[in-house]
Each structure stands twice: as structure tokens, then as C-alpha cells.
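FYI, the numbering just counts along the sequence from 1.
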Amino acid sequence: MSTMTEVRKFLRLPSVIEIVGIQRTAIYDRIKKGTFPAPISLGPRAVVWDSTAIAAWQEQIIADARTPSAKN
């Protein structure tokens, strides 16, 4: 456990798209499937994503890609 607290940032959709490299439709499809962090509502027309949740999702994707699949 780190002694430094990671700064959380709220990310809007264009930033999330740029960071993860997938488009809006794919992001919302993955949210529906439960495989992508859900947005946080700030109001009736404003949603954001937690930067630490996005970073954790990226780390999981990398770990999964590096783990030999059970199919082999």
C-alpha cells in the first residue's frame, strides 16, 4: 500500500476515449456488459469517470492480455 494518495480526477467522455483508445459506442456497450467502469452522474446532463477506475481497468486489461488463456 502506498503512503501517497493518488489524486482522483473526473474525466469527461472525450478524455476517456482518448485515454483508452475505444469509441463511445464500445465504451457504453462494455458498461452494459459490466466490463468497463460506469460513469458517475454529476447532474441531469453531466457524467464523468473516476480516473483511478479507468487506470485500474487499463491495468486489468494488460494483466489479462499477458496471462496465458485457459484455451491453450
For a quick test of reading the model, state the closest non-hydrogen atom pair linking [X] to [Y] and the distance between them.
| X | Y | answer |
| --- | --- | --- |
| Pro39 | Ile31 | CD-CD1, 3.7 Å |
| Ile54 | Pro37 | CD1-CG, 4.1 Å |
| Trp57 | Thr35 | NE1-O, 2.8 Å |
| Arg12 | Arg45 | NH2-O, 4.5 Å |

Quiz item: Measuring from Thr67:OG1 to Gln60:CD, what's the distance to the nearest 0.5 Å?
Solution: 8.0 Å

Quiz item: What distance do Glu59 atom CD and Asp64 atom CG have between them, rounded to the nearest 0.5 Å?
Solution: 11.0 Å

Hey, any chance [X] and [Y] share a hydrophobic cluster, counting ILVMFWY side chains that come within less than 4.5 Å of each other, even indirectly?
| X | Y | answer |
| --- | --- | --- |
| Ile40 | Val16 | no |
| Val48 | Phe36 | no |
| Ile22 | Ile17 | yes |

Quiz item: With a 4.5 Å limit on heavy-atom distance, are the side chains of Trp49 and Val20 in contact?
Solution: no

Quiz item: Quick one: does Leu13's side chain get under 4.5 Å of Tyr28's, heavy atoms only?
Solution: yes

Self-check item: Thr52 (side chain) donor-acceptor with Arg8 (main chain) under 3.5 angstrom
Solution: no

